[in-house]
Amino acid sequence: MFHPTRTYQASQHCSDSGQQRAGSTPDAPSERLLITDDDARLRASSVALLESRGYACEQAANGQEALERLLQGGIDLLLLDLMMPHMDGYQLLEEIQQRDIDCDVIVVSGEATFENATRVFRGGAIDFINKPFDPQTLFHRVEHSLQQRRLRRELEQARQELEASEQRYRFIVSHSPDIIYMIDGNGYFRFINERVSDLLGYRPEELIGQHYSVLVHEDDLELAAQAFELGPREIAGNRQIELRFKCRHPGDYARSFESKSIVIELSATPLQGPVERDAPPLGTYGVARDISDRKKAQELIQFQAYHDLLTRLPNRELFMDRLQLAISQAHRGGHQLAVLFLDMDGFKFINDSLGHITGDKLLQQVARRLSRTLRDSDTVSRIGGDEFNILLPDLQNAEEAGMIARKILDAFSRPIQLDHHEITIGFSIGISLYPGDADCAEDLIKNADMAMYHIKGRGKNGYEYFSDNMQQIYQFRHSLEQDIRKALELGQFEPWYQPQYAIDSGEIVGLEALIRWNHPERGLITPDVFIPIAEEIGLIGEIGRFMLEAGCRQLSEWIEQGCRPVKLSINVSPFQLIESNFDRVICDLAERHELPRDRLVMEITETALMQDMEQVLPRLKKLIHCGIGIAIDDFGVGYSSLSYLQSLPARALKIDRSFLSASRAEMDKSSIVKAIVAMAREMGLEVVMEGIETSEQLAYLREIGGIIGQGYLLGYPQTADRVEDLIA
Ligand code: C2E
Ligand code: MG
Ligand code: MG
């Protein structure tokens, strides 16, 4: 039996005795040989010879044994006899070829005919040694074969490594997040990686052979040439350039591209060839990185720095910048410019009653409408809250600014549709002119602001040019603002009372509480002056509560004193109505002062109700339910929509004094008062006529009949102790 291991061990053992052992010294050959011969003596001598040179050898007595061993692997060189029993050398060669066994074969045979040699070489042998051989020939041929084999192996290994490394690079290039390309000296793509299809929608093979200009945005072609067409002198160093690559037209490709182009950062390097002086470069290769997102982020940051994010209008910084520029242009060109300062009327109320989200939406719509109303060359900016500044950079004359202010007011005469609300807003607009009113940006804005305050103080929704005396008015208003904050603490507010009479009987039936401010320096200030300011700076809630408290306390004192059973009307600001606990506060007060509920009336202006009926109505209904009366104040000057009156549980209408004319003839002609009274009766409402100043007016109202009157003719507002006589 053939025992390769044992045979090998035996041979190894043998080689231990004084000979070089295979693998034991650094230059010992590492290959393993299989000596196949049916002649045992010859076999043994071959083994001994080869082992003496350090080769590791195994033996086989015939082709069959050899094949079994070869199939186990690890044999590098087979020395093969041809004539053997069981399986001869030719058969084994055939088997080796068929089974693709990786082993070189040297045939060692005594039958060295030409025919045999041809046959074995065809069968895959690499050499032929003639028997008998001298040891030198054997060593030489064996070593030569093994060397060839080593070389082949190294070559194969190098090839494999090269292939692996090429695959790695190919992977890196095709999976690169950037476009990697190579173009020739004429600007045609020689290579471009897969990334181009994700970013631009072209398949690489479509671009190869195309000129780079197919990718470059038309406006960037000149710039692109700097990167793609490096001249002979630029052969060293590389270029970095930002430009736009066009995306393939959507629809041309499976994926559709949102944008028409992307911004890329291109870094190009010339291809180094055998450089001759002034020879055209071989081409360039480069990396193109998509920086669209970074660009967008940069643009956004830039935008945010100079714009109001809610309305997307320029902010104060940008406005100032443009204003300064416009001033220097106006200075050079010798023309005028205007700054408009806009403050929305009643925005605070809308914001408080409809909520900030609606408030924000309103601001956005207002911004849009403002921008549409003006020319592109004008700048509209939101500088905070409900305040806008407008720059009109080139005016023909001062009147033009007023015309534009008028145009803005007109544009806002139409209501704004917001969710299910229709909101009508107005603007107070102040105008200042360069160079007339100021010569620097800050002062122009400050003066326009002052002019705006002026119009605000005088009924709002209008415009006003700056004038020098406004400084004082501005300061007056400013100091009032400061003083109101202290007035409550210092007890400077006081309710006065104006009587109301049933005109038919002449009997006193009610009192209206009217607030007065005893200002330590300015004397008595009427509510027309300070209530709007208190509303704007958010103090009206406290002032309102003071009046309710003071009025209720007074009424309960009068009741205790046994005065006439008059009703007490107290004015309520729209801002109080939108406080969520408004109804409870009043009912609690009435209870605390043990007042008969039907003696209390809340006066609410018609315009206040128009703002947000849905929120306010349930609270008013609760008040009524609790027995407290509601009177609609200044009736007729508001939006005159009568429909809401039906849903509103009011008890009385107070007709605004503007409906009373000085002459009888005029009153007869308009007959508006008559009409309102008729309608009010129809709806079961009491009618109170305000502002009766003349006996003619009184006579007219008496003729209509059934009216309660209030006015200077019947009695001025006066302090509590003075009015006491009337109801005692
Ligand atoms: P109002 O509620 O319509 O009050 C009537 C105003 O007409 C009072 O002005 C009164 O003095 C004035 N008046 C009365 N009779 C005549 C007349 O015959 N001719 C003329 N020309 N005027 C007359 P007053 O006191 O200056 O109040 C102005 C407005 O201030 C009030 O109008 C009311 O809306 C508001 N107001 C007064 N007190 C308060 C208050 O405590 N809270 C709130 N929120 N508003 C108040
Ligand atoms: Mg009133
Ligand atoms: Mg009134």
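Indexing begins at 1, ligand by ligand and atom by atom, following the structure's order.
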Practice prompt. Answer yes or no for D634: is there an N/O/S atom below the 2.8 Å cut-off from the Mg ion (ligand 2)?
Written response: no

Fill in: Contact atoms of ligand 1, heavy-atom distance to S573 under 4.0 Å
44 (N)

Item to complete: For the atoms OE1 of E603 and OD2 of D633, give the angle they form at the Mg ion (ligand 2), rounded to 10 degrees.
Response: 80°

Discussion item. Heavy atoms only, cut-off 4.0 Å: how does Q710 contact ligand 1, side chain, backbone, both, or neither?
Written reply: neither

Item to complete: Answer yes or no as to whether an N/O/S atom of N571 is found below 2.8 Å from the Mg ion (ligand 2).
Response: yes

Fill in: Element-labelled atoms of ligand 1 that are located less than 4.0 Å from some non-hydrogen atom of D634
3 (O)

Discussion item. Only heavy atoms of Q498, strictly under 4.0 Å: list the atoms of ligand 1 that pass.
Written reply: 10 (C), 14 (C), 15 (N)

Worksheet item: Considering only heavy atoms of E690, which atoms of ligand 1 have at least one such atom less than 4.0 Å away?
Response: 3 (O)

Practice prompt. Measure from atom 37 (C) of ligand 1 to every heavy atom in A550, A513, P527 and give the option owning the shortest one.
Written response: P527

Worksheet item: Any idea which atoms of ligand 1 are less than 4.0 Å away from a heavy-atom of G711?
Response: 15 (N), 18 (O)

Worksheet, complete the sentence: Heavy-atom proximity to atom 41 (O) of ligand 1 ranks first, among M547, E512, E603, R516, for M547

Practice prompt. Using a cut-off of strictly less than 2.8 Å, determine whether E690 has an N/O/S atom near the Mg ion (ligand 2).
Written response: no

Response to the item:
The residue among Q498, Q500, K654 that forms side chain to side chain donor-acceptor pair (under 3.5 Å) with E512 is K654

Worksheet item: Is ligand 1 less than 4.0 angstrom away from at least one heavy atom of E693?
Response: yes

Worksheet item: Considering only heavy atoms, which of N571, L714, I692, I540 lies nearest to atom 40 (C) of ligand 1?
Response: N571

Worksheet item: Any N/O of I515 closer than 3.5 Å to an N/O of ligand 1?
Response: yes

